[in-house]
Amino acid sequence: MEDLLSISLDGRVLALQAGDITTVPADAIGNAANAALRGGGGVDGAIHRAGGESIQRELDSIRSRIGRCPPGEAVVTGAGELPARWVLHAVGPVYRDGRSGEAATLASCYEACLRLAGDLGARSLTLPAISTGVYGYPIEQAAEIAVGTVGRGLADSEKLPERVCFVLFGDVACEAFRRAALAWAEELA
């Protein structure tokens, strides 16, 4: 699949692609999970369907140890039948009014994915637009937070993947993330 946009950051790449995240090969794949870690709709449902039952079995084991996963945090499982080694299940915020800590929680999701990917030694990571589906986060704001958080993370740490790619579903998401990435790249210049 061809990148819609690719930004080089001192040997690392931040990229955007349109398509189905479950089909894009990467060492790690980010998932927009729910706090119950039970699988759901949208990206979460697609990852569970494509990855198979082993992902949910691992999540059941994690849930028996920790209970729920709080918004802004993430847990890792194997990737089952996905073209990846690991799935990073990040719980995003439900958007309320934009003044209830949603931005910090959303940024924390992406930070958790970067940290886990780095800890695992993943060289590549794909990420969805977390919280922009049923959780109702406005796509333009979510894109700015996602791109800024991941871009800053890639620029600031040596223990992160060499390539992070947002894999986006639909023209609206692609355009919002493209605008956010171009604005972010312009700030770097």
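Given the structure is predicted, the values throughout are model-derived calculations rather than measurements.
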Hphob cluster co-occupancy, [X] + [Y], side-chain heavy atoms under 4.5 angstrom:
{"X": "F169", "Y": "V24", "answer": "no"}
{"X": "V172", "Y": "L182", "answer": "yes"}
{"X": "I7", "Y": "L127", "answer": "yes"}
{"X": "L14", "Y": "L5", "answer": "yes"}

Give the minimum heavy-atom separation between [X] and [Y], together with the two atoms involved.
{"X": "G80", "Y": "S54", "value": "CA-OG, 3.4 Å"}
{"X": "A18", "Y": "C174", "value": "CB-SG, 3.5 Å"}
{"X": "A28", "Y": "A122", "value": "CB-CB, 4.1 Å"}
{"X": "L88", "Y": "L116", "value": "CD2-CB, 4.0 Å"}
{"X": "L125", "Y": "P161", "value": "CB-CG, 4.1 Å"}
{"X": "A26", "Y": "S124", "value": "CA-OG, 3.3 Å"}

If you measure from [atom1] on [X] to [atom2] on [Y], what distance do you get to the nearest 0.5 Å?
{"X": "W184", "Y": "R152", "atom1": "CH2", "atom2": "CZ", "value": "8.5 Å"}
{"X": "S61", "Y": "Q56", "atom1": "OG", "atom2": "CD", "value": "11.5 Å"}
{"X": "C165", "Y": "L16", "atom1": "SG", "atom2": "CG", "value": "7.0 Å"}
{"X": "L154", "Y": "R163", "atom1": "CG", "atom2": "CZ", "value": "11.5 Å"}
{"X": "R12", "Y": "L160", "atom1": "CZ", "atom2": "CG", "value": "5.0 Å"}

Partners passing salt bridge (charged side-chain N to carboxylate O under 4.0 Å, His left out) against R65 (at least two apart in sequence or in another chain):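 By the salt bridge (charged side-chain N to carboxylate O under 4.0 Å, His left out) rule, R65 matches no residue at all.
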List for me each residue that meets salt bridge (charged side-chain N to carboxylate O under 4.0 Å, His left out) alongside D97, sequence neighbours excluded, and say none if there are none.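 D97 satisfies salt bridge (charged side-chain N to carboxylate O under 4.0 Å, His left out) with R99 once adjacent residues are dropped.
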Carefully, step by step, assess V75 and I66 under the rule side-chain contact (heavy atoms from CB on, under 4.5 Å). CA-CA 10 Å; V75 299; I66 69 167; 3.9 Å; yes
Would you check if the side chain of S100 reaches a backbone N or O of R96 as a donor-acceptor pair within less than 3.5 Å?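 Judged by distance alone, no pair lies under 3.5 Å.
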Donor-acceptor contact below 3.5 Å, side chain D60 vs main chain S64: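 Checked: no pair found.
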Are any of the side-chain heavy atoms of [X] and [Y] separated by less than 4.5 Å?
{"X": "T126", "Y": "V164", "answer": "no"}
{"X": "P93", "Y": "S131", "answer": "yes"}
{"X": "N34", "Y": "V91", "answer": "no"}

Suppose the criterion is side chain to side chain donor-acceptor pair (under 3.5 Å): which pairs have a residue in [range], not counting sequence neighbours?
{"range": "residues 173-182", "value": "E140-R179, E175-R178, E175-R179"}
{"range": "residues 68-88", "value": "T77-H89"}
{"range": "residues 17-27", "value": "D3-Q17, D20-T22"}

Identified side-chain contact (heavy atoms from CB on, under 4.5 Å) counterpart of L82 within the set I55, I21, N31: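 For L82, the side-chain contact (heavy atoms from CB on, under 4.5 Å) check succeeds only for I55.
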Excluding sequence neighbours, so at least two apart, what forms side chain to side chain contact (heavy atoms under 4.5 Å, CB included) with [X]?
{"X": "E162", "answer": "R123"}
{"X": "P138", "answer": "Y95, Q141"}
{"X": "A129", "answer": "T132, I139, L168, F177"}

Inter- and intrachain pairs under salt bridge (charged side-chain N to carboxylate O under 4.0 Å, His left out), touching residues 40-56, at least two apart: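 Qualifying pairs: E53-R57.
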If you look only at pairs with a residue in residues 8-32, which of them pass as a ring pair (Phe, Tyr, Trp, His ring centres under 6.0 Å), with sequence neighbours excluded?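 Listed once each, the pairs would be none.
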Indicate yes or no: does D119 engage K159 in a salt bridge with an N to O separation below 4.0 Å.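 Salt bridge flag = yes for K159 with D119.
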Show me, pair by pair, the donor-acceptor contacts under 3.5 angstrom made by side chains of residues 107-115, not counting sequence neighbours?
{"residue": "S108", "atom": "OG", "partner": "G72", "partner atom": "O", "Å": "2.7"}
{"residue": "Y110", "atom": "OH", "partner": "P128", "partner atom": "O", "Å": "3.0"}
{"residue": "Y110", "atom": "OH", "partner": "I130", "partner atom": "N", "Å": "2.9"}

Could you list the cluster mates of Y135? Members are the ILVMFWY residues connected by side-chain heavy atoms closer than 4.5 Å, either directly or through other members.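 Besides Y135, the cluster holds V94, V134.
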Does the side-chain contact (heavy atoms from CB on, under 4.5 Å) test come out yes or no for L9 and V13, once each step is laid out? CA-CA 6 Å; L9 304 161; V13 174; over 6 Å; no
